[in-house]
4 protein chains.
Amino acid sequence: MAIEASREAGGHGRIRLGMVGGGQGSFIGAVHRTAARIDDQFELTAGALASDSVRAKASAREFGIANDRAYSSFEEMAKAEAARPDGIEVVSIVTPNHLHGLVARAFLEAGIHVICDKPLTTTVAEAEELVELVRKTGKVFAVTYNYTGYPMVRQARAMVANGELGEIRLVQAEYLQDWLTERLEASGHKQAAWRTDPTRSGPGGCIGDIGTHAYNLACFVTGLQLDELLAQLSTFVSGRRLDDDVQILLKWKGGAKGMLWASQVAVGNENGLTLRVYGTKGGLEWVQENPNCLWFTRYGQPKQLLTRGGAGALVEAGRITRVPSGHPEGYLEGFATIYAEAARAIRAVQAGQAPDPAVIFPTVEDGLAGVKFIEAAVNSSASNGAWVRIR
Amino acid sequence: MAIEASREAGGHGRIRLGMVGGGQGSFIGAVHRTAARIDDQFELTAGALASDSVRAKASAREFGIANDRAYSSFEEMAKAEAARPDGIEVVSIVTPNHLHGLVARAFLEAGIHVICDKPLTTTVAEAEELVELVRKTGKVFAVTYNYTGYPMVRQARAMVANGELGEIRLVQAEYLQDWLTERLEASGHKQAAWRTDPTRSGPGGCIGDIGTHAYNLACFVTGLQLDELLAQLSTFVSGRRLDDDVQILLKWKGGAKGMLWASQVAVGNENGLTLRVYGTKGGLEWVQENPNCLWFTRYGQPKQLLTRGGAGALVEAGRITRVPSGHPEGYLEGFATIYAEAARAIRAVQAGQAPDPAVIFPTVEDGLAGVKFIEAAVNSSASNGAWVRIR
Amino acid sequence: MAIEASREAGGHGRIRLGMVGGGQGSFIGAVHRTAARIDDQFELTAGALASDSVRAKASAREFGIANDRAYSSFEEMAKAEAARPDGIEVVSIVTPNHLHGLVARAFLEAGIHVICDKPLTTTVAEAEELVELVRKTGKVFAVTYNYTGYPMVRQARAMVANGELGEIRLVQAEYLQDWLTERLEASGHKQAAWRTDPTRSGPGGCIGDIGTHAYNLACFVTGLQLDELLAQLSTFVSGRRLDDDVQILLKWKGGAKGMLWASQVAVGNENGLTLRVYGTKGGLEWVQENPNCLWFTRYGQPKQLLTRGGAGALVEAGRITRVPSGHPEGYLEGFATIYAEAARAIRAVQAGQAPDPAVIFPTVEDGLAGVKFIEAAVNSSASNGAWVRIR
Amino acid sequence: MAIEASREAGGHGRIRLGMVGGGQGSFIGAVHRTAARIDDQFELTAGALASDSVRAKASAREFGIANDRAYSSFEEMAKAEAARPDGIEVVSIVTPNHLHGLVARAFLEAGIHVICDKPLTTTVAEAEELVELVRKTGKVFAVTYNYTGYPMVRQARAMVANGELGEIRLVQAEYLQDWLTERLEASGHKQAAWRTDPTRSGPGGCIGDIGTHAYNLACFVTGLQLDELLAQLSTFVSGRRLDDDVQILLKWKGGAKGMLWASQVAVGNENGLTLRVYGTKGGLEWVQENPNCLWFTRYGQPKQLLTRGGAGALVEAGRITRVPSGHPEGYLEGFATIYAEAARAIRAVQAGQAPDPAVIFPTVEDGLAGVKFIEAAVNSSASNGAWVRIR
């Protein structure tokens, strides 16, 4: 069951990886670097880790990047790396949201594959341009909606696709945190500062930071497309510039309904991402904080606790499972799966082959869908909760 | 800690209880009778248990009611019992919803206290008339929103009232079942039949049967009043005449927000009533299927698992607790508490005293609030999800 | 599914019940009285509730017992009630352990059925005499090993009997509390005082108070008989006169093994009674603090969460279930089932019939087995952990 | 909070790592390799991955090891690597148990640090020789009792050391699996085959494979030393050559008591490693399958749910935590911590410094303690459950 790097398989060594953003003290940069290492498919070889040159060099040194490949400008990095015979093959973008689009464009145009954090961009227009550019360049573009990398999320998706739930009626998603219960951004907290700042975070606060994760998860598992939404965005903390709580009614194409609730002020919740799906024949429940299991009920039968690697685990879960059931995998392994899947896609492209159809990762189109969702929610809320159709 | 009937306290024997509805095969009638017995404050002495005379007599015999007090008409029962020196002091109404108002009126006018199942009536107008009549007659009127009888619900209410959560921001309520996933009412299932029949159930299906419980619980614990709601009611099962899923956005007076979801088609849920409340200082979570505990988090401190009768239990929980912590109390005990509280109120009225301020039970006004909630939700949904103000 | 008193069934009214012990302030007396009421089969009509005459009268008054049937001597009560045409038919014995045997003997000899708290007696010899006397008199004798009254315990027993687990290999039982973590008995706490006093509690402290419950549960569910045990009894609290922690290795007849752990000093545990049974084909886990469910795994299949009244519930669970699945039943309902079963047995004896084979309650023989278990554990521990064969 | 490789800190690049055992298809080899990568402190550069030369070469190629450093003999590898200027600095030993001692000796004598899987050896004598050799050579020697690498295990250890539990009274450990419920070793299952074969596994089956983990965990968290044990080892599966279930009574130095239960035939358990510790002032409970939390109760206060990285997390947990609370870390991260700690120790030795006192990993002495435990349990069981003193 254990999966492992197999460089022979593709006839390659590690894929050369660059990183933009993610210097010392960054939370998500460290996550991406660890995720890239876990399955041994990447070697971090270049970076524009900070815009300040001294910090960029120091960060690079700490992460084992050679001094001459420690850039302070992503444009310069894209150009220089594209020109090197041993230049990076893929770049990870872990900057604040407002830069995602610009950076991604620079590397795509330089012929370099992209792994980009979410949300894809801060406007739908910019996201649509990226979609276009990816199509034109044929590059691999993965968006780190990382929760899709959990084996039991893949299991859930496969069960829905296999018809185990029948026709889907209800899709309920939640993502609850409490770290912004007080005005943390006023105290110099770096993460809080940019995430509540519309110039860096975009028009959505909680909706863009975590609501979009819940939405992506719901789409990923059910395969449904959203038709309309109606949103109530709130800013509970006085002086905050973006929403910190999001409540949304959902109408899915085909007739399913649902609700999505995301909050950063729900005291007692850490990363309470939960998905519940109910159909005519069965129901599923998954909780990120205990990700190695999946509750499944066939109507009229006892509830089952499916476990990663346990009885009833499907091949879709098994192929991304590393250790036996009962030994928990966590957030980093799920994140690593996005990297491992991207590596498989990159190697396929490099070999001029179509990727294995089993390979799944969130694409630039999924990224665009996320930005449309944010925009629609912001607009609906601004209209006192009008139904807004997803374009 | 154990509470027990103390007839000496009030200087009385058991209170003479009648019942309307609840004949053989009724679910809720048996629940009421057991609840009435648990704390030994009542003796069932008369009943109009069925409209069919033979079934009424047979049911009465089974439940130990004398033959001459086994009625087949509630009007006749109200009149006859009021005329007897040993007539009933209080009546329990456990008929389908559409009869609640008529029956209640008959007994109130006969000078008899009332314990009535929920929802109070099927129209706001009828509910308002009952409120008026209760005020005029001075009779005790309890509505069996029974979940308010769980000790940890009382604990939650007291903690909110004591300011442990600070200012309330979020109130999320759920009540999930799956027993109507298929068209059970078409198969002759008695419970399903009347609950999905607008002539007996009123304008709400799921919203009236369980949504109103979730709403009452949210109001009871937080002490908040609802300002506006916006509802999406669905009927997923083809041929069903009332809603079987309810999704509602809530705006509470004072600025709190929330969502309420009730469903009877969420496969894998039995009686998943859950309340979550978050404020500026803390958060609370309570789950009916495991009712003897309450999760509480003070912002910035570890989550606590409070237990009924355990450390941290307040007097408000303790006074309705029967057995030590770790020995679960359940649905019937919570229901019994409504009866025990009603008994205390009835004895106080009989003694010409004000009831102990610690005595709490859902009143006719709470019943009216429930009917208003149902009406508003039905209206909002009929307007494709317009915000509707609660009158 | 709801069960209810049906006096017609047996052609009788309520069974006349007396009580010895259990006066004001007693925990277990109140539990017995409530349990007796829940299914409406008994009416408390006489009592020797305390040895002090004033307290006996006051307690009787509080519980609705007529003054002339409020005794202060159980011998007098047995004699007087036996002589009355409306005398009690059954007596509940809720005194400290050392009196159980004496009281039971008095009532059996007076021709009165007995419901007795556990452990049956403080010596094996006395227990054997009671077994003999019950056989001779033909009276119903129930011992309130109340956990056998939980529906999911009956479910577990039925599943083992039906072979769902295959051949049993492992039986692990625990009963953990923390209320005696400090020397509570030194502070005048009545419950702690007698339970740690060998003259009233017998030779076992924790082993007799809760270890015997765990043992009874293990035997009840598995149907196995114990062959040998090896015990390590500890007294952790300085000055305490009886054990407060019990650790036992078990060898069951037929080859199964197991462990039993009971503690009253395990900080953070309230009434943590747990049973785990594993066989060649499946495994079961049940936890008293969440008694409405039962974990079941067939080897090689996903774990199932069986619920009281839910899918997969067997008739053995269903016949003692009162409310639908998802509405928890608790400790008092489980206790009430012992009373309801005893009532069925008493009515059968009174009718000169054999009781329905479905009727199950812990018998005087089960009580004897519990006393033998206590004695063997005390002896093994006194021999520094020698294997002791159960006689 | 995120920790990351910082090669600057020690003035070094990655530590050159070799591996003995762990070729294609090995479970634990893949785990060690991933664990070594997670914090980016190691580069796998040599291996004797299999004794068969073809398989050894193929495995090396797959894992990115140069062909000339792909050995088929560990003796040859030790010699050759010691002679290279760029030879490995540390070796990981992931062979079956019977080879641990031989391989470790070869590398220690070649001046190479060792990371060795558990149990350390199959005899106490051999383990004692290794202890001696480590003392003589001054090399770092880590034994992968990997559960000590979970942050909340470190938290538990720190809380006990800080006196939060008072004086320890009870230490209960369990490790439950079900994968050997049937005679898997007869079907050619490689893992099952060697683990049930005394010539490769040593004298203990279940006791050596998982019982020793539970024992190490108990010692690690409590800091207690075992005084005596009394064991009941069973072989439930017919034809099996080693124990598959282990039940042990424990007497700890200083007066604490406890039980240890390990099983490989407990149907429904995957890797159910649980530790419960109770003292005069508090209690702790930790479960490996949900490793990011820790239950803690101060006597007389509500139970708390401490989370990795959450409120109440101590520095001892924080220093080995990688991602924020609510984002689960799992088995591989815990395992990686053993490698990260070993790296810190190796760098300190290489720099001629004492390691930071905060650095903790299971040592060769802990390995010896594990072997003594196995031997004592086997001996006790062979004597029908005699108390055996730990030497």
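Just so it is clear: chains get the letters A, B, ... in the order the sequence lines come, proteins before strands, and each one is counted from 1. Predicted, not measured: the structure shown is a model, and the values here were computed from it.
- Chain D forms the most heavy-atom pairs under 4.5 Å with one residue out of A/Gly326, A/Gly330, A/Ala35, A/Ala336, and that residue is A/Gly326.
- Aromatic ring centroids of A/Trp286 and A/Tyr150 lie under 6.0 Å apart.
- Heavy atoms closer than 4.5 Å to chain D are found nowhere in A/Phe335, neither backbone nor side chain.
- The greatest number of non-hydrogen atom pairs below 4.5 Å with chain D, out of A/Glu270, A/His327, A/Glu333, A/Gln24, is found for A/His327.
- Taking the six-membered ring wherever Trp is involved, the centroid distance between the rings of A/His189 and A/Trp194 does not fall below 6.0 Å.
- Figure legend: cation-pi geometry between D/Arg37 and D/Phe42 absent, as NZ or CZ is not positioned both under 6.0 Å from the six-membered ring centre and within 45° of its axis.
- No option in A/Glu289, A/Gln288, A/Gln177 other than A/Gln177 meets the side chain to side chain donor-acceptor pair (under 3.5 Å) test with A/Asn271.
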